[in-house]
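The block underneath contains the structure these notes are about, expressed in structure tokens.
Atoms considered below: every heavy atom in the structure, side chains included; atoms not considered: hydrogens, waters and symmetry mates.
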Amino acid sequence: QEIADYYNKHPNQFKQLASVDVDYVVLTPAMAAKTDTTVTDAELKQAYDQFVERQNKDVKADVKHILITTETRGAAEAEKLASDVYSKIQAGMSFADAAAQYSEDPGSKASGGLVEGYEKGVFGEAFDQAVTASKGVVSQPVKTNFGYHIITAQGAAMTVPSFDAEKERLKAEVIKSKTANAYSDLVNGLNELVVDSDALDVVSQELKTAQVQSLKAVGLGTTDPVLADPAVKAKLFNEDVKNGDRNASSNIQLANGNTVWIKVREYHPAGVQPLAKATAKVKD
């Protein structure tokens, strides 16, 4: 009775933050079986071809345009003027001279029509399509929301390193990719076992170096190196857990590259501790 009376009179002494009792098991890439690090000539050739493709894709074209706007004239008049300028260029007038004399884009006319830092989407889809089609040539007038453009584009000059120069780096990349794929396959396989059995010990059964750990009263402020990961916290304290979900989670990727599965055994909501839990403290 004394315990109950004290508990009822001093509820503020027995407040608690939300916490969980949880089991978890961690898998690290080092626990995976060693991957075959043999790299074939075909794999190296494929890696080099992909490297060359990326290099060429990342090269931005030098895009130049002459803009005839519709701000001070009608669309038909602007189109006719743009066509006249295009004809002059075809007749031998340099693109730079035409830009300086006729372009109404103040940011580029003095630099031969060069669009600094060209990015797709700025002038619209029609402009971008013309850039692709006009590499090395001059486009006919293209209509956009800004007016009529005469466009030319030239791929920036670049030298792609030779296969021999990239061989060792590419070999390391292929090995790294193989290792990452093997680890991913292991995680996916274990994940099926965990989810299907709703148990974490299947991981330790498959890999003796992976042990299930248990912690009680884990709060949002935990400093545990695994449970403090934001992705894990989000799972520990989500609405499903609060509403009674006690199933083993699917795999959670940690920020450090490891993988964890968790299973909440009990959720303790924020508020005043129940009397049974507070009894020892009341006695003290």
Within a 6.0 Å radius of atom [atom1] on [X], are there more than 12 heavy atoms belonging to other residues, nucleotides or ligands?
| X | atom1 | result |
| --- | --- | --- |
| K242 | NZ | yes |
| D5 | CG | yes |
| E71 | CD | no |
| N145 | CG | no |

[X] [atom1] to [Y] [atom2] distance, which is reported to the nearest 0.5 Å:
| X | Y | atom1 | atom2 | value |
| --- | --- | --- | --- | --- |
| K109 | L114 | NZ | CG | 15.5 Å |
| Q50 | Q46 | CD | CD | 5.0 Å |
| H65 | S108 | NE2 | OG | 3.5 Å |
| M93 | I89 | CE | CD1 | 7.5 Å |
| S94 | Q101 | OG | CD | 10.0 Å |
| Y6 | T279 | OH | OG1 | 13.5 Å |

Sidechain-backbone polar pair: [X] side chain, [Y] backbone, donor-acceptor under 3.5 Å:
| X | Y | result |
| --- | --- | --- |
| S103 | A100 | no |
| N191 | N251 | yes |
| Q253 | G257 | yes |
| K178 | T38 | yes |
| K120 | E125 | no |
| N8 | A4 | yes |
| D201 | S204 | no |
| S177 | E173 | no |

Is there a path of hydrophobic side-chain contacts, each under 4.5 Å between heavy atoms of I/L/V/M/F/W/Y residues, joining [Y] to [X]?
| X | Y | result |
| --- | --- | --- |
| V212 | V187 | yes |
| F146 | V122 | yes |
| V260 | L220 | yes |
| L227 | V194 | no |
| M31 | L200 | yes |

Ion pair present between [X] and [Y], side-chain N to carboxylate O less than 4.0 angstrom?
| X | Y | answer |
| --- | --- | --- |
| R73 | E104 | yes |
| K45 | D49 | yes |
| K80 | D84 | yes |
| R169 | E166 | yes |
| D198 | K263 | yes |

request  = Go through K235 and I252 one step at a time and tell me if the side-chain contact (heavy atoms from CB on, under 4.5 Å) criterion holds.
outcome  = CA-CA 9 Å; K235 182 66 176 177; I252 301 171; 4.0 Å; yes
[Y] and [X], any side-chain heavy atoms less than 4.5 Å apart:
| X | Y | answer |
| --- | --- | --- |
| V203 | L193 | no |
| H268 | L17 | no |
| S19 | V218 | no |
| I150 | V85 | yes |
| V22 | R265 | no |
| L44 | F163 | yes |
| L186 | L27 | yes |
| L236 | V264 | yes |

Polar side chain donor-acceptor pair, [X] to [Y], under 3.5 angstrom:
| X | Y | result |
| --- | --- | --- |
| N247 | D245 | yes |
| D23 | W261 | no |
| H149 | T144 | yes |
| Y148 | T69 | no |
| Y183 | N188 | no |

Heavy-atom closest contact (Y86 atom, V138 atom, distance) = CE1-O, 3.7 Å
task = Please name the pair of heavy atoms, one in A130 and one in V142, separated by the smallest distance, quoted to 0.1 Å.
result = CB-CG2, 3.7 Å
query = Hey, mind stepping through D62 and T152 against side-chain contact (heavy atoms from CB on, under 4.5 Å) and telling me if it holds?
reply = CA-CA 8 Å; D62 287 333; T152 186; over 6 Å; no
task = Test K64 against V115 for side-chain contact (heavy atoms from CB on, under 4.5 Å), laying out the working first.
result = CA-CA 5 Å; K64 298 177 181 179; V115 180; 6.0 Å; no
side-chain contact (heavy atoms from CB on, under 4.5 Å) assessment of Q13 paired with Y7 = CA-CA 8 Å; Q13 293 185 21; Y7 173 81; over 6 Å; no
